[in-house]
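Working notes, beginning with the structure itself.
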Amino acid sequence: MKGVVFNIVEEFVTEQWSADDWDDLLDAAGLDGAYTALGTYTDAELAALVDAAAARFGLTIEQVLRAVGRHAFAGLDRRYPDFAKGHVGIDTFLPTVNDIIHPEVLKLLPGATLPTFRVDHLADGSMTMTYWSPRDLCVFAEGLVLGAGDHFGQDLTVHQSSCRLRGDTECVLVVSPPHPDGA
């Protein structure tokens with residue numbers, strides 16, 4: 001896992017709670033917290049931080065991952081504004097992740113292990129985003145999609161119709177825009 005993700009997690013914790021809480025999470029997770037954006041760190045370190053945050057703030061692991069993912073989109077956009085440039089919504093942005101954004105990420109962060117996605121537009125205006133990654137951070141991906149919606153001013157609903165964490169063969173995120181009638 002690239003250090004930029006850890007930097008964003010630190011920003012999230014310090015903005016939502018405090019710098020002291022970040023230090024307490026590092027202590028609880030048994031980590032030193034010296035993360036450089038281009039450094040590579042173990043997935044176990046992220047898992048330890050998420051576990052510590054869930055315990056400290058009385059949240060589920062899924063709630064922590066989703067919230068961090070949602071915040072992460074804004075953090076990534078601040079660092080790499082060209083990724084979302086030229087898009088007006090998730091309907092054009094999400095399909096570019098694999099073919100445009102991930103190759104650029106690899107130029108900036110060589111050695112990054114990235115998930116892959118397949119985005120399909122549905123007749124009702126929603127999309128499915130099939131997620132593949134050995135990390136199984138599909139809930140973090142849900143948060144990133146919600147953060148993209150925030151960025152584009154779209155109030156989205158995201159749920160998983162299937163999930164490897166529930167024993168399914170793949171993770172499928174269903175991304176729905178708000179209904180015009182508010183329902």
Side-chain angles (χ1 to χ4, degrees), residues 1-18 21-22 37 46 50 53-54 57 59-109 112 114-133 135 137-163 170-183:
M1 178 89 41
K2 285 298 182 185
V4 67
V5 174
F6 290 88
N7 299 152
I8 288 170
V9 172
E10 179 180 3
E11 286 173 11
F12 174 72
V13 170
T14 58
E15 287 174 18
Q16 293 295 307
W17 293 285
S18 72
D21 284 315
W22 172 248
L46 181 63
V50 169
F57 303 119
L59 302 169
T60 66
I61 290 169
E62 291 80 12
Q63 288 171 316
V64 172
L65 284 171
R66 193 174 293 107
V68 170
R70 191 170 198 159
H71 176 84
F73 186 89
L76 291 168
D77 186 60
R78 278 192 303 276
R79 288 166 174 81
Y80 313 109
D82 288 344
F83 290 164
K85 190 175 182 179
H87 295 282
V88 295
I90 61 151
D91 57 326
T92 63
F93 175 74
L94 288 181
T96 68
V97 173
N98 281 331
D99 299 331
I100 297 171
I101 295 173
H102 281 172
E104 293 301 315
V105 169
L106 289 172
K107 288 178 189 174
L108 295 168
L109 303 170
L114 302 171
T116 57
F117 304 99
R118 184 186 72 230
V119 176
D120 296 300
H121 293 269
L122 304 178
D124 67 357
S126 63
M127 293 183 281
T128 59
M129 187 169 121
T130 306
Y131 164 94
W132 295 280
S133 173
R135 291 190 171 117
L137 290 174
C138 50
V139 178
F140 182 78
E142 281 184 38
L144 284 168
V145 171
L146 291 168
D150 295 343
H151 175 81
F152 294 114
Q154 296 175 292
D155 184 24
L156 306 174
T157 302
V158 180
H159 76 277
Q160 290 193 55
S161 59
S162 66
C163 179
E170 62 187 7
C171 298
V172 178
L173 287 69
V174 179
V175 182
S176 303
H179 294 288
D181 62 3

Given L94 and F117, is the side chain to side chain contact (heavy atoms under 4.5 Å, CB included) satisfied, shown in steps?
CA-CA 9 Å; L94 288 181; F117 304 99; over 6 Å; no
For [X], which residues count as a side chain to side chain contact (heavy atoms under 4.5 Å, CB included) partner, sequence neighbours excluded?
X: D124; result: L122, S126
X: R66; result: E62, V139, E142, L146
X: L114; result: H102, V105, L106, A112
X: D21; result: V13, W17, S18, D24, R56, F57

Begin from the C-alpha positions of V97 and V119 and carry the test side chain to side chain contact (heavy atoms under 4.5 Å, CB included) through to its verdict.
CA-CA 9 Å; V97 173; V119 176; over 6 Å; no
Any donor-acceptor pair under 3.5 Å from Y131 side chain to C163 backbone:
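Answer holds: no.
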Measuring from atom [atom1] of [X] to atom [atom2] of [Y], what distance do you get when rounded to the nearest 0.5 angstrom?
X: I61; Y: F140; atom1: CD1; atom2: CZ; result: 15.0 Å
X: L65; Y: L46; atom1: CG; atom2: CG; result: 7.0 Å
X: E15; Y: H71; atom1: CD; atom2: NE2; result: 4.5 Å
X: D77; Y: D82; atom1: CG; atom2: CG; result: 9.5 Å
X: H151; Y: L144; atom1: NE2; atom2: CG; result: 13.0 Å
X: L156; Y: M127; atom1: CG; atom2: CE; result: 7.5 Å

By salt bridge (charged side-chain N to carboxylate O under 4.0 Å, His left out), which residues pair with E11, not counting sequence neighbours?
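In terms of salt bridge (charged side-chain N to carboxylate O under 4.0 Å, His left out), with neighbours along the sequence ignored, E11 is linked to R78, R79.
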Return the minimal non-hydrogen interatomic distance between P95 and I90, and the atom names on each side.
CD-O, 3.7 Å
Which atom of A84 lies closest to which atom of F73, heavy atoms considered
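Nearest pair, atom of A84 first, then F73: CB-CZ, 4.5 Å.
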If we only count heavy atoms from C-beta on, is the P115 to R135 side-chain gap below 4.5 Å?
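No - every pair of side-chain heavy atoms lies 4.5 Å or more apart.
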So, using ring pair (Phe, Tyr, Trp, His ring centres under 6.0 Å) as the criterion, who are the partners of H159 when residues are at least two apart?
none
For F83, all residues meeting ring pair (Phe, Tyr, Trp, His ring centres under 6.0 Å), sequence neighbours excluded:
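Testing F83 for ring pair (Phe, Tyr, Trp, His ring centres under 6.0 Å), a comparison that skips the adjacent residues, returns Y80.
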Can you name the side-chain hydrogen bond (donor to acceptor under 3.5 Å, both in side chains) partners of [X], sequence neighbours left out?
X: T116; answer: none
X: T92; answer: H87
X: E170; answer: none

Determine, step by step, whether L137 and M1 satisfy the side chain to side chain contact (heavy atoms under 4.5 Å, CB included) criterion, reporting the C-alpha distance in whole Å, the side-chain angles of both residues, the deciding distance to 0.1 Å, and the verdict.
CA-CA 12 Å; L137 290 174; M1 178 89 41; 3.7 Å; yes
